[in-house]
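Just below is one structure, and these are the notes that go with it.
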Amino acid sequence: VHLPIGVFDSGVGGLTVLKALRDRLPQEDFLYLGDTARLPYGTKTASTVVRYAEQCAALLVARGIKALVLACNTASAVAPGRLAARFAPLPVLGVLLPGASAAVRATRSGHIAIIGTEGTIRGGAYAKAIHALRPDANVTSLACPVFVSLAEEGWTDGPVTRAAAHAYLDPLMANGPPPDTLVLGCTHFPVLAPTLAEVLGPSVRLVDSAATTAEEAAGRFDSLGILKRPGGRGRVAFLATEGAERFARVGGVFLGEALPPGAVELVDLPAHA
Ligand code: DGL
């Protein structure tokens with residue numbers, strides 16, 4: 001009960017998930033690992049992402065965690081089963097299934113669009129998860145890798161971001177009946193949500209997998225009896241595999257609060273975990 005909840009991502013983007021987890025479970029301590037040395041995961045093959053995810057999880061487990069949240073959508077699309085098996089009985093939760101079930105709850109027409117990295121979209125894991133819940137859903141999947149760079153640059157709005165949003169999303173809205181729900185299937189996309197909402201218009205609901213994952217984590221970890229009693233504000237420790245200073249600077253955009261430059265500890269991942 002007194003150990004932190006481990007959270008990992010390929011970099012700083014997963015801080016959007018950490019923020020949602022802290023809002024939902026303020027009393028908990030968190031240990032966050034950003035694998036900044038090997039970002040992006042979104043362009044890599046599934047087997048590489050699984051291997052990286054295992055190494056990240058092993059490092060967090062060695063430090064002592066009571067549960068693991070995979071904040072990275074790309075890793076959540078390929079690795080949760082492997083991690084749950086390897087680190088059992090550690091509870092392992094990814095962002096993909098909570099995002100998929102939130103999308104199924106949100107849609108009225110049954111037409112859901114997913115945006116994410118190439119890796120997340122290529123494997124079709126979101127579409128499979130949605131179809132498992134609603135077999136007649138019409139799912140359109142679209143890789144939007146440029147959004148990752150825009151978010152990392154802190155360009156959450158403005159003309160360049162709006163132009164990129166139009167370039168990706170206008171065809172989605174124009175080719176055939178438009179979706180009524182869009183899943184932000186990447187850690188970096190929640191910070192772009194206002195611009196995406198403006199480009200898509202009011203007929204499309206945005207589903208943010210960060211908030212729904214926090215809700216799922218609260219429910220699942222509570223039922224396992226591993227949560228602290230509510231009250232007080234827990235601590236957060238940050239680990240990164242490279243660029244602690246950049247992590248602190250860019251991370252503030254995603255966490256929604258400034259990270260002091262000395263807050264991030266550099267760690268090395270074993271090459272063959
Ligand atoms: N964290 C990744 C995701 O949510 C985005 C960044 C990357 O490609 O590593 O898919």
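Owing to the predicted nature of the structure, the values given are computational and were not obtained by experimental measurement. Counting starts at 1 for both ligands and their atoms, in listed order.
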I need the nearest protein heavy-atom contact for atom 8 (O) of ligand 1: residue, atom name and distance, please.
G42 N, 2.8 Å

Atom 10 (O) of ligand 1 [closest protein heavy-atom partner, distance rounded to 0.1 Å]:
T74 OG1, 2.6 Å

Short side-chain donor-acceptor distance under 3.5 Å, [Y] and [X]:
X	Y	value
Q27	R22	no
T195	D157	no
T45	T48	yes
N73	Y126	yes
T74	T117	yes

By number and element, which atoms of ligand 1 are closer than 4.0 Å to a non-hydrogen atom of [X]?
X	value
P40	7 (C), 8 (O), 9 (O)
Y41	7 (C), 8 (O), 9 (O)
H188	5 (C), 6 (C)

Step through the shown structure and confirm whether more than 12 heavy atoms of other residues, nucleotides or ligands are within 6.0 Å of CZ on R229.
no

Determine whether the side chain, the backbone, both or neither of D9 has a heavy atom under 4.0 Å from any heavy atom of ligand 1.
side chain

Just to be sure I read this right, does ligand 1 sit under 4.0 Å from the backbone of T117, its side chain, both, or neither, counting only heavy atoms?
side chain

I want to confirm something. Looking only at heavy atoms, which of S209, S10, G34 is nearest to atom 9 (O) of ligand 1?
S10

I want to confirm something. Looking only at heavy atoms, which of N73, T43, V49 is nearest to atom 4 (O) of ligand 1?
N73

Describe, in one word, how the ring planes of H188 and F254 are oriented to each other, choosing from parallel (under 30°), tilted (30 to 60°) and perpendicular (over 60°).
perpendicular

Under 3.5 Å, N or O to N or O, is C186 touching ligand 1 that way?
no

